[in-house]
Undergrad: 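Structure below; questions to follow.
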Amino acid sequence: MTPPLTWFLLLSAALFSVGTYGLLTRRNAIAILLSIEIMANAVNINLVAFSRCLGDLAGQVFTLFAISLTVAEVVIGLAIVVLLYRDRDDVRADLADRMRG
Amino acid sequence: MIPLALFVVLGPVAGFLLLAGLPVLRRSGLAAGVVSSAVALATLVAAIVLLVGVEPGAAPVIAQIDWLPHQGEAFARLGVRVDGTSAVMGAVVALIASAVQVYSLGYMASEGRPSIGRYFAWQSLFLFSMQTLVFAPDLLQAFLGWELVGLCSYLLIGFYYQKPSAAKAAVKAFWVTKFADMGLLTGLVLMRWQVGSFAWEAVQPGWTATAIALLVFLGAMGKSAQFPLHVWLPDAMEGPTPVSALLHAATMVAAGVYLVVRTWPLFEASGVALHVVAWVGAITVVVAGLTAMVQDDIKKVLAYSTCSQLGYMVAALGAGSPVAGLFHLTNHAFFKALLFLAAGAAIHAVHSNSIWEMGGLWRSLKGASLLFLVGAAALIGLPGFSGFFSKDFALEALAESHLWGPFALALGGVALTGFYVGRVVVVAFFRRPAKERGRLHTPLVMTVPMTVLAVLAVVGGLLGGPIAGWLGGAYHFHVTPEGLTATVLALGGLGLATWIYGYEGGRRLVVLAAPAGAFIRSGLLDRFYETAWRQGLLVVAHAAGWFDRYVVDGVMNLVAWSVLEGSERTRRIQTGRIPDYVLAVVVAFVVLAAWGAVSGMSGCGSTP
Amino acid sequence: MTALLPLLLPLLVLGVILLVLVADLLLPATDRRAVGILAAAGVAGTLAASLAISPSGEAFGGSYVMDELTLYLDRVFLAAAVLGILAAIDHADRHFPTRQGEYYLLLLASLAGMLVLAGARDLVLLVVAFETAGMPLYLLAALPKSPDGRSTEAALKYYFVGAASTAIALYGLSLLYGAAGTTRIAALGAAPVSPLLFVGVMATFAGMAFKIGLVPFHFWVPDTYEGASTPFVAFLSVAPKAAGYAALLRILHGGLLDHHALWLPPLLVLSAASMILGNVIAIPQGNVKRLLAGSGIAQVGTMLLAFAVGTAEGVAMLLFYLAAYVFTNMGAFVVQSVMGEHAASDDMQAYRGLARTAPGLALAMLLFLLSLAGIPFMAGFWAKLQVFIAVWHAHQAALVILAAVLAVMALFYYLRVARAMYIEPPPEGAVAPVVARPTRVALIACVLGTVGLGVFPEPFVRSALDAAALFLGQ
Amino acid sequence: MNVALFVVVAAVLLAASISVVAGRELVRSVLWLAVALASTAVLFVLLHAEFIAAVQILLYTGGIITLMLFGVMLTARITGVRIAVGSAGRVRGGLVAVGVFATLAWGILASQGTIVAHEPLDPESTTRLLGAAFLTDYLLPMEVLSLLLLAVMVGAIVLARRRDPS
């Protein structure tokens, strides 16, 4: 028998929190992207688990769209990071603080 | 009747658009002034014809179009409303504006040509805005006009933008009046919400009437420079003198009084609001009067005097007599505009605002001095002059409604008025001048409008009956004890000033102080007065001035400073670092999610 | 074909995209200014079409609907896009002549996403459209590259706040789906109330609020506005905010209005925070773009007030506010793009004496500032006043008073710019800035819109009221 | 049996994810992400979403990891393979992350039982139904997504291109 829905949801919540931890502590821009991937992955687990429990196809469709959107987002992120690297030979996101106040 | 009213309102905006849209005309300088003045004079004729055509006691004639839909009925309308009140005010505004514009043709002649064009464009815009306010069929349109005159005031005060003080004064005027306007706006919203209408007559008894009336009055306090929101008016004197005459003496500052007159049903429904109005007016009379006593700048004296006189109008309203308020408003418009214009002629001639640098103008600038004296006599309220009648009427109203506190303050204000006017007259016009100067000249284009105003300042008292008729009230002049007391007090103040300041200068006005003079010469009272003056009144006056500058002004500045300082500090949380920005997002997410969990728990399991 | 009629506007924009791509291929690399003009003309044509058509109902099994609300919002997006493209033409031609085609492609793709988003009634469609509207903007922030690298920093900040928010929004949407058992928004309200449902609602809101620039999701706003190219910021400061509100309207009002009492309090708090902090950010700024950023945060806070009260009147006034905001705020940024280009700096000092050197430009800016400040006869006045009244009707008097007080504070910084233009003298040898023809057209359109909505608000208010009433079925 | 499998996969997934966010070396973090994504695919199989699992492996694990490694290489001097990544504010981040988990877990546990389980989909027909859904009900988001992907591709290429040819 498949484990209950709640287990999946709790696992997903845990992964989401792990992702936020990386999001908040990482300094390298690519490492931040990786953390965001962990968060996005948590979303997919939620969706597929719900889809299974509800016997509803929409969750799986949603998952596919969510995956595509995340990929597109990563592509953009990497393009901007490459641009940043060219500017200052460094991809530490927290160094980009020329504008503030 | 409606076409005439529309012309009075829209004529000036045509003038403004002409000047704004035709750079050639605007840059031509005086030609722009002539166009603008001609339009103003045309609207004056129309306004007078309109006024004469209004039957006393007739129902208002209203023409308006829907402006903004709002779930069924129109939310806002635009149009004109012709009745006694608006016709009187409209005529007064058109008259003063015409006089000031014609006068400006001479006064501003030495400015650069584009400046002149700009000046007259703003003048036309102001006239339009003011008439929009005056003929407004409801409170909302009045508010639009109200905001527009505020904008014109800002632009005209800052006219000499090269002067930092002028720029600062313009900003300050905007700030203080804006603050008050927010009260008015809140009142508007409250009115719409509770009463469901912006109509002038709209009223709903109970706490709503009081709340709305007080909020409307807060707006009026700002515009009509009532204590403690009067601080902007003296600074506003940085603008050109004709502007001071028009906006900051005769018309715009009177808009607050007019607004209260218009929303009269609201105030009538609330005894509390009337009491507040009476007290604020009376306190302003005294505070501003005291402050005026120690000013050296002739325009500042007149500015504080304006506050003080507006206080009389407001107090009269508080005493339940809109007729007295509007009557004094009309007379004050005449004589205070005259005083400013005459003072302008003096400033123009001696190139200084300080009364101590003037002196002896009576000899060197005969015409303007004579006109100033006429205005001064009306301001003091010498018997026979216009101010005498309307001020007495206001005092009478206070006495009749048994508001003895405000009455006493207002009566004291009469003496203060006599004093500060006497001081200016003696020092600036009769004292021996610091340096000899030859005969100075005032151009005819400046003299004629002043003469017209002077005639009105003398005979303005005759307008009491007609104005009362148009407003549906009654006015008959009769001698009263309070009138006599006021006259004696005014003469006393005048005499004291003459005696103190006229010592080595000419004693030409000493005859006016004769009753006091007899005592004074006895020698015994000499020292008493000297001491009382030094120790008492002057200290109080200086204290009032100090209070004004450091406490009232200071509180305003402190507020501004703390806002600036606070925002400088807050700025630092914008660190520029991405991790901090993301942290804010995540923390907000957690808090919102926690709210969601808690609120979802409350109805868990239920289906709506 | 009639099945696609509700999608006419996005399809027209798709056509414009194709035209732009073809033109970009055919034109020589040295002169591609025509691409921008073509794009502007195409979007203007679509805008004209949007004014001619009437709502045509559902498509794709009800997941998309072209109703009065969609049409109203689409017009707002199209107007913003026309102005945004017009304002960018000269800048693009000057700074990145060979990449103009890509610039407009990205902007139009974002526009197409917004047009679909306005009518999305399914969570999947909504999130895809939301991201399609949003993602090209990250690229647009970085594309017109500034030599000092500020544009990259601007894009980086926007991107990371956006990517984190997207993850949160998707998480929220997944919970909404699970709690409701369907992706149809209309069915959300019928779902059993559970903590999961409301965690989902709040997470979705938190994930989408960054697009609007609400406190505390606003931190990227001043930095990105400062660093990105000004004509793009003009678009960014208006259209995505309208898009964010469109998405939230569809979800919260379209699906969860029955639970209004549960989501009202946090929104009111965020609204107050936005109004306060936005003003506080703007007050000390010497940089006009940062000042306008602060002002924008305060303005969206006021809009959130109208959004939060959950009445048809509130929604209508939010819609009207958005329309007024397009002309007013874009106008201010377009003027700033001219001034920034002219002075090579975004400092307020550049405005000194502008009333003398370029009276027309100064007057336009004055009108925009007055409208932002909510002075009568300007579009912004009606917007503010009507929002206040709507909120008052919804018994949130305290917030109306707070908003009114803050509106007075806001005058302070708007007038600082006005003072620089009208009261301070111009520096020695100052010359009038050059305003390119497309920019001029955009400015005139903004002035007409700002004054037009201020003097004749009636038709706009009426259609906003209709759209809101039909949307909420009241 | 399935429960045991779930526990194992969940443990691997969690451990891999923690390694991604806490590791000190960027390339290793990327590889740990691959492990995390692949174990998620196993989870999907457990949930009878085979098609999603396939996509997860192909598009996500393959695509994302390639992209990421590519990004790492592009932005690092490729002298040494070890690229150290720093973390800062670990206490702050940890507290917030715990807060996130506590809130979400609380919401999830409090909602137990509100979601009514239905008859699961027939695993055999799921893939076919998915394909049909994309061509009918979800055609519009599909088309919008393709526009987005086009825009992103063009935009990313323009951005990453070294220099303006002019």
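Just so you know, these numbers come straight off a predicted model, no measurement behind them. Throughout, protein chains are lettered first and strands after them, A, B, ... in sequence-line order, and every chain is numbered starting at 1.
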Undergrad: Taking side chain to side chain contact (heavy atoms under 4.5 Å, CB included) as the definition, give me every residue that meets it alongside C:S165, ordered by chain and number, with sequence neighbours left out.
TA: B:V585, C:V161, C:F210
Undergrad: Hey, which of A:A66, A:G77, A:A40 has the most heavy atom pairs under 4.5 Å with chain C?
TA: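 Max contact count across the listed options: A:G77.
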Undergrad: Select one option (side chain, backbone, both, neither) describing which atoms of A:L23 are under 4.5 Å from chain C's heavy atoms.
TA: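 For A:L23, side-chain heavy atoms alone lie under 4.5 Å from chain C.
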Undergrad: Rounded to the nearest 0.5 Å, how far apart are OG1 of C:T152 and CZ of A:R86?
TA: 9.5 Å
Undergrad: For A:T20, is it the side chain, the backbone, both or neither that has a heavy atom under 4.5 Å from a heavy atom of chain C?
TA: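 For A:T20, neither part sits under 4.5 Å from chain C.
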Undergrad: Not counting sequence neighbours, which residues clear side-chain hydrogen bond (donor to acceptor under 3.5 Å, both in side chains) with C:Y104? List them please.
TA: none
Undergrad: Rounded to the nearest 0.5 Å, how far does CG of A:L69 lie from CE of C:M135?
TA: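 Atom-to-atom, C:M135:CE and A:L69:CG are 5.0 Å apart.
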Undergrad: Supply the atom-to-atom distance C:L173 CG to A:F65 CZ, rounded to the nearest 0.5 angstrom.
TA: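 Between atom CG of C:L173 and atom CZ of A:F65 there are 13.5 Å.
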Undergrad: So for C:I281, is it side chain, backbone, both, or neither that comes closer than 4.5 Å to the heavy atoms of chain A?
TA: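 Neither the backbone nor the side chain of C:I281 comes within 4.5 Å of chain A.
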Undergrad: Which residue pairs satisfy the salt bridge (charged side-chain N to carboxylate O under 4.0 Å, His left out) criterion with at least one member in residues 177-186 of chain C, sequence neighbours excluded?
TA: C:D122-C:R184
Undergrad: CD of C:E131 to OG1 of A:T70: how many Å apart, nearest 0.5 Å?
TA: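 Atom-to-atom, C:E131:CD and A:T70:OG1 are 8.5 Å apart.
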Undergrad: Give the interface residues of residues 41-49 of chain A toward chain C, defined by a heavy-atom separation under 4.5 Å.
TA: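 Residues of residues 41-49 of chain A touching chain C at under 4.5 Å: A:V43, A:N46, A:L47.
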Undergrad: Between A:L54 and C:G178, which heavy-atom pair has the shortest distance, and what is it?
TA: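 Taking every non-hydrogen atom into account, CD1-O, 4.1 Å.
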Undergrad: Please flag which part of A:D87 lies under 4.5 Å from any non-hydrogen atom of chain C: side chain, backbone, both or neither.
TA: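 Answer is side chain: those atoms of A:D87 sit under 4.5 Å from chain C.
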Undergrad: Would you check if C:Y159 and A:I32 make a side-chain contact, meaning some heavy-atom pair closer than 4.5 Å?
TA: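 Not in contact.
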Undergrad: Working to the nearest 0.5 angstrom, can you tell me the gap between C:T182 OG1 and A:D56 CG?
TA: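 It comes to 6.5 Å.
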Undergrad: To the nearest 0.5 angstrom, please state how far the CG atom of C:L170 sits from the CZ atom of A:F16.
TA: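 Going from CG on C:L170 over to CZ on A:F16, the span is 9.0 Å.
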Undergrad: Side-chain contact, heavy-atom cut-off 4.5 Å: A:I36 with C:T166?
TA: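 No, side chains not in contact.
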